[in-house]
Structure formats: structure tokens, C-alpha cells
Amino acid sequence: MDQNMSQKRPILKYVDGRLKDFEDDIVIEFALTIFINGEEFATMVCTPTHLEELVVGFLGSEGAIFFKDDITDLGIDENGGFAYVKLKSKIDTSQKQFSKRFIGSCCGKSRQFYLQNDVRTAKTSMIKTTIHASQCILLMTMMQENSHVFKNTGGVHNAALCTPNKIIVDRADIGRHNALDKLYGYSLINKIAVRDKILVFSGRISSEVLLKAAKIGVGIVLSKSAPTDLAIKLAEDLNITTVGFIRGKSFNVYSHPQRIIDQP
């Protein structure tokens with residue numbers, strides 16, 4: 001397990017009718033404040049791994065950058081919890097469309113989807129990619145088998161960027177949105193086209209998660225959990241296929257089912 005994601009701590013465990021001393025793996029929570037061209041932009045609570053990907057992906061999803069090359073310099077002070085970013089173009093970090101806000105490790109701020117920036121950066125999917133039903137189940141199984149930190153701590157969300165046949169990259173974080181930003185950052189840094197890719201996710205599909213997927217540009221989202229009503233409405237509007245409750249050999253399709261094929 002990545003040592004930067006968890007640490008051993010002594011606990012008292014109740015098991016078999018008795019309290020016993022025990023050592024448990026606890027996921028690490030880390031605050032990272034991003035500065036753009038010397039101005040504070042946002043503070044994120046995250047798992048301290050793949051921080052460059054997290055910063056690049058977050059800035060991409062917020063519309064502060066469109067390509068990795070829009071960044072001329074990126075330095076991360078892990079001891080202090082700061083990321084210093086220099087952009088080619090000056091942006092007004094006080095503009096209302098940017099989200100200079102505290103971003104917690106759980107759900108996002110209420111009404112976050114009403115921000116002007118979300119409307120500006122969320123993309124309507126135009127992909128014609130399809131996936132067989134059996135591949136949906138296989139991708140979810142593969143992601144869960146790779147989720148070693150979750151198995152040991154139970155404290156992170158997992159996400160993977162995939163083709164119908166394989167996982168390209170997977171990431172974990174205490175914040176579900178952070179895991180998605182890390183995938184987006186990886187894609188921007190490595191110049192991977194994402195519009196024909198599939199997003200596999202461990203948590204429920206909230207409106208925030210659906211908007212993150214739209215900002216990344218994927219057209220299919222697979223989850224082992226449930227979507228919210230607003231997430232389904234957004235998925236319908238943004239032409240994104242949402243699949244939930246992928247457990248065992250079954251799942252539910254909530255929007256744009258034409259991309260899910262019954263038989264190979």
C-alpha cells in the first residue's frame with residue numbers, strides 16, 4: 001500500500017465479545033492550498049498522492065486551463081501543503097465563475113452546480129462509443145480488485161478511466177471529486193483523448209460527480225452505487241450514459257441506454 005495514503009494507528013477493537021488492542025490502517029487527510037500567479041485560488045482536502053495530477057485536473061475542470069501547456073510552472077510544497085501555479089495567461093481569481101471556495105472531502109457545497117463556471121465547462125457528450133453489458137461488470141470488478149487502499153482502510157473513493165476492454169489509469173482519494181480530478185490531470189499531462197473513454201467510479205453518482213464527468217468529457221459513467229435524481233437529469237441533458245448498482249452480475253441503466261449493448 002502507498003505509505004502516503006494511510007498510516008498505522010493503535011485502536012481498541014471490540015470483537016468476539018471482548019475489547020482488544022489492535023493496530024489499524026487509517027487513511028491520511030491532507031489540506032492543499034492552490035495559488036495561481038501568486039493569488040490564492042482554492043483549498044482542497046485530499047489524499048496526498050498524485051498531487052500534480054490533482055492540481056492540473058482541478059484547474060482543467062474549473063476552466064482555468066484547457067491544456068497542460070497552459071501552465072508554465074507548477075511547484076508543490078508537500079510539507080507546507082501548498083501548490084504554486086503560474087499560467088501563461090492572467091486570470092481574475094476573484095471572478096464569480098471560478099470557485100474560490102473550501103472544497104471538503106465529502107459532498108460538495110450545496111447548489112455548487114448553479115455556478116456559472118459549471119455551465120461553461122461541462123461538455124455535452126457526442127460520443128458514439130458503446131460497451132457490452134458484460135464489459136461493464138468486468139471493468140467494475142477490475143477496479144475493485146485494484147482498490148488495495150480501500151480494502152485496508154475503507155476510507156477512500158476509487159475511480160478509473162477505461163476503454164471498454166481495459167483500465168487505462170485508476171486513482172484513489174478521500175474526496176470523490178479529487179479522484180476524478182486526478183484522472184483528468186493524468187489525461188491532460190499525458191495528452192490522452194478522453195471523449196471516447198469510460199469512467200468507472202466506486203461511489204454514488206451525485207450531481208457534482210456527474211458534472212465532473214461532463215467536464216472531463218466522458219460519455220459513459222459506471223458506478224457500483226446509485227445516482228441522484230438531479231444527476232440523472234443532468235446526464236439526460238448532457239447526453240451522458242449513467243449506469244449504477246453494478247454488483248455481482250446485474251446493474252441499472254438510468255440515462256441514454258443506447259450505448260449499453262446486451263450481447264457481444
Side-chain angles (χ1 to χ4, degrees), residues 1-33 43-51 53-54 76-81 102-110 112 134 136-162 167 169-183 186 199-210 212 221-229 231 242-252 254:
M1 190 192 314
D2 194 319
Q3 294 181 347
N4 290 327
M5 298 192 77
S6 67
Q7 60 183 356
K8 298 282 188 180
R9 291 188 67 89
I11 65 168
L12 196 61
K13 187 179 181 73
Y14 184 73
V15 60
D16 296 330
R18 296 185 61 187
L19 288 168
K20 299 179 181 180
D21 291 324
F22 194 77
E23 192 175 61
D24 200 11
D25 290 303
I26 308 297
V27 68
I28 295 173
E29 190 170 359
F30 179 82
L32 180 70
T33 299
T43 296
M44 314 178 74
V45 178
C46 61
T47 301
T49 58
H50 305 103
L51 293 179
E53 292 176 359
L54 175 61
I76 295 177
D77 175 5
E78 292 193 30
N79 292 326
F102 181 84
I103 300 170
S105 60
C106 297
C107 297
K109 297 280 189 177
S110 63
Q112 185 168 328
S134 59
C136 295
I137 293 170
L138 179 59
L139 288 176
M140 181 60 66
T141 300
M142 292 169 63
M143 187 189 71
Q144 290 182 295
E145 288 176 349
N146 290 344
S147 304
H148 304 298
V149 176
F150 178 80
K151 292 176 183 177
N152 284 278
T153 69
V156 295
H157 290 280
N158 297 284
L161 190 67
C162 311
I167 292 176
V169 59
D170 54 41
R171 292 290 181 258
D173 199 282
I174 58 170
R176 60 184 63 128
H177 39 75
N178 296 338
L180 300 178
D181 281 336
K182 288 177 179 179
L183 294 181
Y186 178 92
L199 183 64
V200 184
F201 188 60
S202 64
R204 69 181 165 84
I205 307 175
S206 64
S207 59
E208 178 189 24
V209 167
L210 195 283
K212 281 285 187 181
V221 179
L222 310 180
S223 173
K224 73 171 186 178
S225 192
T228 66
D229 176 63
T242 52
V243 179
F245 281 110
I246 304 178
R247 300 176 183 183
K249 295 184 179 181
S250 68
F251 57 75
N252 300 333
Y254 296 94

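Position 1 is the first residue of the sequence; numbering continues from there. Below, each value reflects all heavy atoms present in this structure, side chains not excepted, and no hydrogens, waters or symmetry copies.
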Quick one: do D24 and K8 make a salt bridge, cutoff under 4.0 Å?
no
Where is the tightest heavy-atom contact between G81 and F30, given as atom of each residue plus distance?
CA-CZ, 3.7 Å
Quickly, which of V243, L210, T228, L222 forms a side chain to side chain contact (heavy atoms under 4.5 Å, CB included) with I205? Name it, please.
L210
Side-chain heavy-atom pair R247, S225 within 4.5 angstrom cut-off
yes
So do V209 and F201 actually touch side chain to side chain, heavy atoms under 4.5 Å?
yes
Can you list everything that forms a side-chain contact (heavy atoms from CB on, under 4.5 Å) with N158? Sequence neighbours excluded, please.
M143, S147, F150, V156, A172, S202
Distance col, row L183:CG vs N178:CG, nearest 0.5 angstrom, shows 11.0 Å
For I174 and H157 the tightest heavy-atom approach is O-CD2, 3.5 Å
Can you measure from CG (D170) to CG (L139) and round to the nearest 0.5 angstrom?
11.5 Å
Which heavy atom in C136 sits nearest to a heavy atom in F251, and how many Å separate them?
CB-CE2, 4.0 Å
So do the side chains of K182 and T49 get within less than 4.5 Å of each other, counting heavy atoms only?
yes
Reported CG-to-OG distance for the pair D25 and S6, which is rounded to 0.5 angstrom
4.5 Å
Do you know which two heavy atoms are closest between C46 and L51, and how far apart they sit?
SG-CD2, 4.1 Å
In this structure, CG of L12 is separated from CG of D21 (nearest 0.5 Å) by 6.0 Å
Is S223 reaching over with its side chain to a backbone N or O of G244, donor-acceptor style, under 3.5 angstrom?
no
So, do K212 and R176 sit near enough that their side-chain heavy atoms are less than 4.5 Å apart?
no
Taking atom CZ of R9 and atom CD1 of I26, what is their separation to the nearest 0.5 Å?
7.5 Å
With rounding to the nearest 0.5 Å, note down the distance linking CG in D181 to NE2 in H50.
14.0 Å
Considering all heavy atoms of both residues, which atom of D173 and which atom of V45 are nearest to each other, and what is their separation?
OD1-O, 4.5 Å
With a 4.5 Å limit on heavy-atom distance, are the side chains of I28 and T47 in contact?
no
